[in-house]
Amino acid sequence: MIYNSDNAPAPVGPYNQSKAAGNLLFGSGQIPINPATNELVSGTIEEETHQVMKNIGAVLNAADLDYSDIIKCSIFVSDIHLYGRINAVYAQYFDEDTAPARELVEVANLPKFARVEISFIAALK
């Protein structure tokens, strides 16, 4: 089953925002694109991370899920020195005791030269 949302950026290639397999939902990487304007949010890293998390929330909502259903996140950043600032925003979306597994890795570049991209795996209900 495919789950896409008009409240998250439309895919720009041969992929979907998310796809279910068994009891898992695999979410494509989200960068800080405002779905209303289709423009990259290029403010502070905090603003960019909030936009990424809002996009993820919209995809989750399309599958009748929320952030508590996420079991794993992969975070990609263009500058590891932004780790603490991204982490502070990311933490606002999860209960510390039940937060998902995750990794955060520095990469050379991201689509549209974004500074942060996050993908997820969630448990379907």
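Side chains are part of it too, since the values below use all heavy atoms of this structure and drop only hydrogens, waters and symmetry mates.
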Asn61: which residues meet the side-chain hydrogen bond (donor to acceptor under 3.5 Å, both in side chains) condition with it, sequence neighbours left out? none
Suppose we screen for side-chain hydrogen bond (donor to acceptor under 3.5 Å, both in side chains). Which residues come up paired with Lys72, at least two apart in sequence or across chains? Glu103
For Asp6, I'd like to know if atom CG has over 12 heavy atoms of other residues, nucleotides or ligands within 6.0 Å. no
Connected to Ile33, directly or through other members, by ILVMFWY side-chain contacts below 4.5 Å are Ile31, Leu40
ILVMFWY clustering at 4.5 Å (side-chain atoms), partners of Tyr15: Val12
Without swapping roles, check the side chain of Asn4 against the backbone of Gln17 for a donor-acceptor pair under 3.5 Å. yes
Just wondering, do [Y] and [X] contact through their side chains at under 4.5 Å, heavy atoms?
| X | Y | answer |
| --- | --- | --- |
| Val89 | Glu46 | yes |
| Asn16 | Ser28 | no |
| Leu24 | Ile71 | yes |

If I compare all heavy atoms of Glu48 with all of Pro32, which pair ends up nearest, and what's the gap? O-CB, 3.4 Å
Who pairs with Phe94 by ring-ring contact (aromatic ring centres under 6.0 Å, His included), at least two apart in sequence or on another chain? Tyr90
With sequence neighbours left out, write down each residue that passes ring-ring contact (aromatic ring centres under 6.0 Å, His included) with Tyr3, or none if nothing qualifies. none
